[in-house]
Amino acid sequence: MPCLRSTVLLCALLLSPPTFAATVLENTLWRIELDPATLALRVTPSGQASVNVSSGITAHSVSQVQNSSDQASWQWDSGAYRLTARLEQRDLALTINASQPGELPLLRQPASAMGQGLLWPLAEGHYVPAGNAIWQAFLLEQGALNTTQDLSLPLWGMDHGAFTLNWLLTNPYNNRLQWQADGKGLALSLAHEFTTLDPSAPMTLRLHLGDANPLAGAMRYRQWLVEQGKYEPLADKLRQTPEAEKLVGASHAYLWGNDLLALDDVRDWPKLVERLRGHALAALLDKEAAKVLAQTTALSRYEQAALLRGLNAAINKQARQAWQVEEPDMTRLAARYGELRQELATAFAGALGGSPETWGSKTIQGLRDAALPRLLLTLGEGWEGGLWHPEAIRAGVDAGFLIAPYDSYETALSAAENPDWTTAHQGDQAYRNCAIMLKDGKLKTGFQQSGHYTDPRCVRPLLEARVRAVQAKAGFNAWFLDAYATGMLFDSYRDGASMTQAQNAAGNIDASRWLNSVLKVPAGSEDGNATTAQGILFAHGMQTPVIGWGDRQMTQDKQSPHYLGNWFPPEQPTTFFKPVPLKEPFRTLYFEPSMRLPLYQAVFHGSVITTHHWMFDNLKLSNVRVENELTQLLYNVPPLYHLSAATLKERLPLIQRQDRFFRPLHQRLATQAMTDFRWLTADKQLQQTTFTDGTRLVANFSAMEKEGYAGRSVTALVEGEKPAVYQVDQQRH
């Protein structure tokens with residue numbers, strides 16, 4: 001093997017471009033040879049073999065070359081581009097300035113540069129062994145990637161055993177990554193677009209020489225954020241928004257079935273049918289409910305549920321008629337639900353039991369009785385449930401919970417589009433005047449080809465008005481802004497209101513900061529990607545992201561065992577509640593323990609509290625529950641569950657069991673950095689994370705005991721305390 005390795009190294013040197021030696025930057029840590037014409041790069045860490053990091057791009061004409069032992073500068077194409085390379089201890093800092101807009105290829109990383117494995121920030125992070133066929137096929141299928149949304153962190157790394165090499169894109173905007181086949185491995189290319197909106201904005205990136213630590217690049221990025229004043233410690237956020245203290249140690253849950261009426265609220269079904277037949281709501285019923293209403297026989301339990309489901313939908317439609325207009329009045333929006341509730345109490349007196357203050361789902365009351373002192377509860381259907389049931393929201397707040405509505409401003413719908421997507425109905429002005437405008441003058445179509453994506457600066461007054469009005473009526477003490485932290489960013493070319501991706505990010509961040517600092521309401525969002533992570537306290541979608549979006553078996557084929565389900569019934573949608581096994585290759589790609597890395601936590605543990613995406617809560621994916629639960633506890637991030645009135649009793653014991661282990665640990669560690677991660681066995685099934693105060697968490701993913709650690713367990717090792725062990729309940733998996 002040593003002979004073979006020497007032969008491979010010799011071949012690599014012989015095949016290297018002769019121009020490598022044209023410019024050399026060197027210090028005691030490493031030597032960097034670069035070709036100014038192509039940006040081909042070869043690095044040689046002290047005492048280690050050389051690595052061709054980039055094989056170079058198509059050559060440019062070079063002029064105005066200046067260089068010293070630690071810095072070089074030159075121009076391309078008669079001054080069209082100015083480049084600077086600076087050696088700063090373990091960093092090679094590259095800066096490229098352009099005199100005109102256009103896309104510029106920068107790097108072509110050959111397969112050989114990957115070394116033993118790729119350190120890849122897909123969601124929380126993954127270790128991709130070089131040559132792994134499943135990963136290679138997956139990466140090749142991805143097509144062009146941007147570095148704000150498609151990567152959770154604007155970086156990637158290469159494991160070379162004794163050291164790592166890590167690219168940090170310190171300008172994360174307008175970049176394009178592309179994987180290509182390269183022999184038996186993969187090459188990766190990087191290009192940057194200098195836009196007409198801000199052509200003078202430089203492209204900046206760093207190549208970091210890390211030690212033999214898979215988190216080295218992520219930790220360097222965290223350090224860079226701190227140096228730039230862009231890192232927000234969670235402790236500082238908690239001081240600014242005291243209510244956010246309730247996030248520490250909290251499990252997260254989405255609540256469903258938040259409509260006005262529950263089955264138990266109907267005291268007299270014949271009287272309800274009689275009154276409804278003569279009421280305006282009858283004309284708003286769906287076909288199934290209308291058919292039930294026309295019956296002359298007593299209703300079965302199934303028919304009662306169908307009628308009530310239709311009645312709730314009709315009530316929602318009637319409430320929306322007051323504000324789903326060309327220019328909605330937010331005060332009117334917030335007031336209408338309470339007014340209508342009182343009108344219905346009068347119209348259906350005798351048919352409905354109790355008082356309006358007691359109607360609806362009793363899920364929050366059930367959670368109050370469950371001895372769970374810390375919870376973040378989000379209403380899955382939006383803020384309407386809070387406007388129908390402010391008393392329930394107040395009861396949860398009084399119990400010490402954080403209760404948030406799902407809210408959204410990223411897409412604005414026209415008045416004629418999906419009325420049930422209430423949060424995206426922002427009025428005609430937002431739909432037209434706040435829409436992202438593309439280079440060709442067309443407006444950017446919104447989520448799922450509906451409406452338009454919006455400029456956050458333009459919809460901001462509307463956001464503030466609606467949040468204030470809803471919060472005043474419903475009493476929410478937390479807020480969830482969908483999509484604002486996904487890193488989904490656009491350039492907008494609207495005359496007089498242009499916007500760069502950087503300005504888009506700043507607009508998203510500022511909306512969250514307003515909630516935290518002005519309303520003193522802790523704000524969260526989707527994913528939590530690095531470029532939009534400032535301003536938020538929590539994020540849903542980093543631990544388990546959206547998987548298999550558009551996959552036929554998962555999203556369309558209802559006969560497939562992997563079909564996730566649909567959005568029915570609304571009080572308990574099967575897409576959230578039906579357990580399904582995750583199909584290959586996704587199971588291996590996303591959940592194989594030996595190929596997961598806490599890259600995101602190495603940056604943002606102690607700043608942003610992340611958990612799973614709502615598509616895949618702790619109980620959704622039946623064949624990876626063990627891996628899911630152990631990884632989440634190892635990384636010290638909270639669980640996430642979907643709850644409904646019908647599932648609460650079954651799910652509570654699972655929630656309570658994990659809460660007893662997770663909550664005290666998170667209360668200790670939430671504000672601390674993750675300082676180390678390592679594999680403790682060669683098969684990587686025994687893993688350890690370490691935090692600032694020295695606390696260690698050890699997860700054994702194997703079913704068998706390893707080095708004294710029980711199978712399928714997490715052990716918390718806190719200095720001065722007896723080890724605490726959490727073992728996954730085998731009978732439930």
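Keep in mind that what you see is a predicted model, and the values were worked out from it rather than measured.
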For R332, all residues meeting side-chain hydrogen bond (donor to acceptor under 3.5 Å, both in side chains), sequence neighbours excluded:
E339
Can you tell if the side chain of R336 reaches within under 4.5 Å of the side chain of L387, non-hydrogen atoms only?
no
Could you check whether E227 pairs with R220 (Lys NZ or Arg NE/NH1/NH2 to Asp/Glu carboxylate O, under 4.0 Å)?
yes
Residues at least two apart in sequence or cross-chain that pass salt bridge (Lys or Arg N to Asp or Glu O under 4.0 Å) with D259, listed by chain then number, are none
What orientation do F538 and H252 show, parallel under 30°, tilted 30 to 60°, or perpendicular over 60°?
perpendicular
I'd like to know if the side chain of D617 pairs up with that of H612 as donor and acceptor (distance under 3.5 Å, no hydrogens or angles considered).
no
Quick one: does R513's side chain get under 4.5 Å of E232's, heavy atoms only?
yes
Side chains of Y337 and W323 only: does a donor on one sit below 3.5 Å from an acceptor on the other?
yes
Return the set of residues passing side-chain hydrogen bond (donor to acceptor under 3.5 Å, both in side chains) with E417 (not counting sequence neighbours), or none when no residue passes.
S414
For E326, give me all partners under salt bridge (Lys or Arg N to Asp or Glu O under 4.0 Å), at least two apart in sequence or on another chain.
none
I'd like to know if the side chain of Q543 reaches the main chain of V637, judged simply by a donor and an acceptor atom lying under 3.5 Å from each other, with no hydrogens or angles considered.
no
The side-chain hydrogen bond (donor to acceptor under 3.5 Å, both in side chains) partners of T170 (sequence neighbours excluded) come to T204
For residues 422-432, which residue pairs pass the salt bridge (charged side-chain N to carboxylate O under 4.0 Å, His left out) check, not counting sequence neighbours?
D428-R432
Applying side-chain contact (heavy atoms from CB on, under 4.5 Å), name anything that partners N258, two or more places apart in sequence or on another chain.
L255, L379, E381
Residues two or more places apart in sequence or in another chain: which of them pass side-chain hydrogen bond (donor to acceptor under 3.5 Å, both in side chains) with E103?
R176
Scan residues 466-505 for pairs that pass disulfide bond (SG atoms under 2.5 Å apart), counting only residues two or more places apart or in two chains.
none
Please output the side-chain donor-acceptor pairs of residues 465-477 that fall under 3.5 Å, not counting sequence neighbours, one pair per line with the distance.
unit_1, atom_1, unit_2, atom_2, d
R466, NE, Y409, OH, 3.1
R466, NH1, T423, O, 3.1
R466, NH2, D407, OD1, 2.8
R466, NH2, S408, O, 3.2
R466, NH2, Y409, OH, 3.4
R466, NH2, T423, O, 2.8
Q471, NE2, F476, O, 3.0
N477, OD1, I403, N, 2.7
N477, ND2, E243, OE2, 2.7
N477, ND2, F401, O, 3.1

Which pairs with one or both residues in residues 436-466 pass disulfide bond (SG atoms under 2.5 Å apart), sequence neighbours excluded?
C434-C458
Out of the candidates T500, T195, D491, T147, only one should pair with N174 under the side-chain hydrogen bond (donor to acceptor under 3.5 Å, both in side chains) rule; please name it.
D491
Using distance only, find each side-chain donor-acceptor pair of residues 526-534 under 3.5 Å and give its atom names and separation, not counting sequence neighbours.
unit_1, atom_1, unit_2, atom_2, d
E526, OE1, A483, N, 3.4
E526, OE2, H613, NE2, 2.9
N529, ND2, T148, O, 3.1
N529, ND2, Q149, O, 3.0
N529, ND2, L151, O, 3.4
N529, ND2, T486, O, 2.9
T532, OG1, A485, O, 3.2
T532, OG1, G487, N, 3.1
T532, OG1, N529, O, 3.4
Q534, NE2, K230, O, 3.3

